[in-house]
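All figures in this text were calculated on a predicted structure; none of them were measured in a lab. Below, all heavy atoms of this structure are taken into account, side chains as well, without hydrogens, waters or symmetry copies.
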Amino acid sequence: MARTKFDKQVDESADTFARGIARMLAGRDLDGVRRTDATFWRSGTRVLPKVEGKVRRRSYKPGWRRLSFRLALGGGVAESGYLTTRDLDATRETLRELTELWENRETALAALEPAGIGAASVLTVGTATYMVLTRERRELMREWVGPLHDALHQPLGLAEQTDPRRYLHIPKNFTDDDAQIRIDLPTRLGFSRDVVADLITQKLALQGVTFSWHPEGRKPYVLVKKTRKPPALSLFKDPKTRDLVAKAKESAPIIGFGAGGRIVSVDLDAESPHILVNASTGGGKSVTLRCIACQMLHHGSRVFVLDTKRISHPWARGLPGVTYCADVADIHDQLIALGIEGRRRTRVADDLGIGADPKDIGPRLLILLEEVNATMKQLARYWEKIRESGDPKASPALDALNEILYMGRQLRMHVLLVAQSATARALGGPEVREQFSTRILARYSVNAWRMLAPEVHPAPKATKQPGRAQVVSGGSARETQILFFTEAEAREWATTGKQATDGPVPVPVQLHKPPADTPPSTGELPPASEPPTDEDRSADSRNPATASGELAADATAPPLAIPVPAVVDEDLAVGLREAAEHHLPGITLAALRFARANDPTFPGPAGKRGAELLYQVRDLKKWARNRPRAATGITDLD
């Protein structure tokens with residue numbers, strides 16, 4: 001008997017239903033397409049060949065988990081149907097209550113409004129918390145895991161739709177010394193180990209790692225571990241380290257130690273005259289500068305600490321050869337003086353000619369410019385406040401800094417600049433940033449690396465290891481454990497070496513008198529447009545700094561009718577009691593006596609009046625402005 005079309009449809013429906021039941025009980029996709037290598041008992045790790053479209057996470061789950069979920073869902077639906085039949089009266093009662101609520105909806109909405117606001121607040125806080133807690137994981141997937149999958153799926157013979165989290169097990173701290181990376185391999189080992197290892201090393205920016213291959217069994221994998229790594233600690237008190245520091249060249253202080261304990265240093269004469277340190281808070285910026293500065297002082301260099309934070313380098317206060325400026329007015333004047341010294345050294349080098357000893361120019365000068373992001377703004381604001389009609393808009397202190405950066409190598413003048421974000425705008429332009437061919441980065445972001453070291457790609461992931469940084473120079477990055485000096489060790493090492501050689505010291509020069517609402521600054525000189533008196537000329541002839549051309553006064557300027565006072569307030573020599581009463585408001589006599597006995601930066605006496613020691617007012621005011629605890633009456637830009 002011939003089968004009708006209806007009989008065929010019934011048979012096909014029964015067959016489809018039976019296949020669906022079998023797929024559901026087997027934990028497979030209901031459409032019959034097998035997308036991953038998952039089995040009933042084992043999770044999937046890769047997408048099968050020739051699979052198109054997006055593969056969802058459930059396709060990677062083992063069959064028993066999918067079956068358990070389907071049975072639980074089916075039981076819930078059946079239970080819901082049973083309850084609906086049994087509790088029909090309760091449902092009708094609920095409908096009546098909803099009808100009443102709708103009739104009195106304004107009252108109901110008013111009652112529900114606080115609950116709605118609370119629910120929205122909880123949802124917002126929960127979402128924000130989730131975004132914060134998963135930020136590092138999402139950044140890891142976006143910056144490292146995803147690009148590595150794009151590079152590896154073809155050499156390993158995996159489908160592009162494979163979820164990289166199924167076979168790339170990369171921890172968030174994969175750059176730490178004790179971290180390890182595991183990559184699951186396909187059972188068919190038809191790939192080149194060298195190609196895979198090279199891709200992993202390049203895409204994850206790894207250095208000094210080894211690959212441990214495990215091809216046996218049904219789950220082959222490879223482990224990647226760091227072997228050649230910097231030491232966990234690099235302490236100056238280690239006798240071997242101390243000997244290496246003592247043997248280091250004057251122009252090449254040791255910065256730290258790299259993989260295998262190799263010395264990492266930068267020659268300021270041959271490689272890079274200036275160094276940029278970029279790190280977030282707690283990244284060790286001050287420790288890095290302390291390491292370099294105390295070694296330079298040990299070899300007889302002079303160090304100028306320009307620190308608006310006032311407390312970055314307490315170890316350096318009062319040391320011979322160190323000038324510590326913490327007030328923005330003194331930083332402004334000192335930068336101008338250093339610019340004048342740079343021009344003087346240019347003339348001296350021109351007179352000496354080719355082949356002269358660089359030391360004949362003068363002692364090596366090291367300028368530590370702390371927190372440039374804040375300092376640059378304060379210098380610009382200070383110049384706006386004291387600038388007079390006809391003066392250039394740009395701060396002469398910033399111009400002097402740029403001059404030093406452009407010509408520092410031949411003049412033995414070096415800048416160590418510290419920034420939390422060394423943007424071109426913060427430094428004064430991209431051409432200024434290019435003067436720092438050596439850059440030390442710690443706890444950096446991906447954007448900071450792309451901005452400061454774009455030639456090194458991909459960027460190595462920042463580590464939270466204390467004292468660990470990347471020293472970028474010559475187109476390569478070296479992972480370095482920064483050499484750690486305690487403050488006592490740095491002070492001891494700076495004072496046990498040779499003293500700075502003789503030479504003119506850059507004396508701060510103030511271009512203008514401060515405005516009426518600004519407290520007077522120390523070291524005030526007559527404006528350059530006012531002619532010096534005969535007494536001033538005779539004093540200048542006895543002053544080697546002025547004779548060398550350091551100061552900005554022009555003795556050949558035409559005389560003006562404006563008289564210049566021979567003695568100003570800052571030139572007076574007074575006792576501590578008179579200074580506390582008339583010149584240093586807010587500082588008591590007891591505080592001055594305590595500072596004289598305990599503060600190494602307190603100025604020395606300028607003379608005696610009977611048994612009483614006298615001090616110059618300008619020295620006392622400069623000390624008051626630059627001491628760690630700010631005094632009242634200092635230059636206030638706010």
Handout entry: Partner residues of Phe257 under the ring-ring contact (aromatic ring centres under 6.0 Å, His included) criterion, sequence neighbours left out
Key = none

Do [X] and [Y] come within less than 4.5 Å of each other through their side chains, counting heavy atoms only?
X: Gln420; Y: Ser280; answer: no
X: Val472; Y: Leu452; answer: no
X: Leu204; Y: Leu148; answer: yes
X: Tyr167; Y: Leu185; answer: no
X: Val195; Y: Arg193; answer: no
X: Leu369; Y: Leu416; answer: no
X: Ile181; Y: His169; answer: no
X: Trp449; Y: Val456; answer: yes

Exercise for the section: Apply the side-chain hydrogen bond (donor to acceptor under 3.5 Å, both in side chains) test between Thr134 and each candidate in Arg137, Glu136, Arg138; give the one that qualifies. Expected result: Arg138

Problem - Straight-line distance of Lys285 NZ to Arg290 CZ, nearest 0.5 Å - result: 13.0 Å

Problem - From OG1 (Thr423) to CE (Met451), nearest 0.5 Å - result: 6.0 Å

With no hydrogens and no angle check, is any side-chain donor or acceptor of [X] less than 3.5 Å from a backbone partner on [Y]?
X: Lys229; Y: Gly260; result: no
X: Asn626; Y: Ala326; result: yes
X: Arg165; Y: Met141; result: no
X: His149; Y: Glu160; result: yes
X: Thr480; Y: Arg478; result: yes
X: Thr375; Y: Glu370; result: yes
X: Thr162; Y: Pro164; result: no
X: Ser437; Y: Glu434; result: no

Practice task
Determine, stepwise, if the pair Arg387 / Lys393 fulfils side-chain contact (heavy atoms from CB on, under 4.5 Å).
Solution key: CA-CA 8 Å; Arg387 186 169 67 91; Lys393 278 192 172 183; 4.3 Å; yes

Practice task
Assess the side chains of His274 and Ser272: does a donor N or O sit below 3.5 Å from an acceptor N or O?
Solution key: no

Exercise for the section: Give a yes-or-no answer on whether the side chains of Gln378 and His332 include a donor-acceptor pair shorter than 3.5 Å. Expected result: no

Handout entry: Working for salt bridge (Lys or Arg N to Asp or Glu O under 4.0 Å), residues Arg468 and Glu479
Key = CA-CA 7 Å; Arg468 191 65 56 85; Glu479 188 176 10; 3.1 Å; yes

Handout entry: Aromatic ring proximity Tyr221/Trp213, centre distance under 6.0 Å
Key = no

Practice task
Verify side-chain contact (heavy atoms from CB on, under 4.5 Å) between Ile183 and Leu223, making sure each step is shown before the conclusion.
Solution key: CA-CA 7 Å; Ile183 298 177; Leu223 287 179; over 6 Å; no

Handout entry: Glu139/Arg135 under salt bridge (Lys or Arg N to Asp or Glu O under 4.0 Å): CA gap, chis, key distance, verdict
Key = CA-CA 6 Å; Glu139 181 180 348; Arg135 180 182 60 83; 3.8 Å; yes

Handout entry: Name of the residue among Asp307, Val305, Leu368 meeting side chain to side chain contact (heavy atoms under 4.5 Å, CB included) with Leu289
Key = Leu368

Practice task
Could you check Leu276, Ile367, Leu306 and say which one makes a side chain to side chain contact (heavy atoms under 4.5 Å, CB included) with Val415?
Solution key: Ile367

Handout entry: Smallest separation among heavy atoms of Ala477 and Gln470, with atom names
Key = CB-OE1, 3.7 Å

Practice task
May I have the step-by-step check of ring pair (Phe, Tyr, Trp, His ring centres under 6.0 Å) for Phe174 and Trp144, ending in yes or no?
Solution key: CA-CA 10 Å; Phe174 70 89; Trp144 303 102; 5.5 Å; yes

Handout entry: salt bridge (charged side-chain N to carboxylate O under 4.0 Å, His left out) involving Lys225 - partner list, sequence neighbours excluded
Key = none

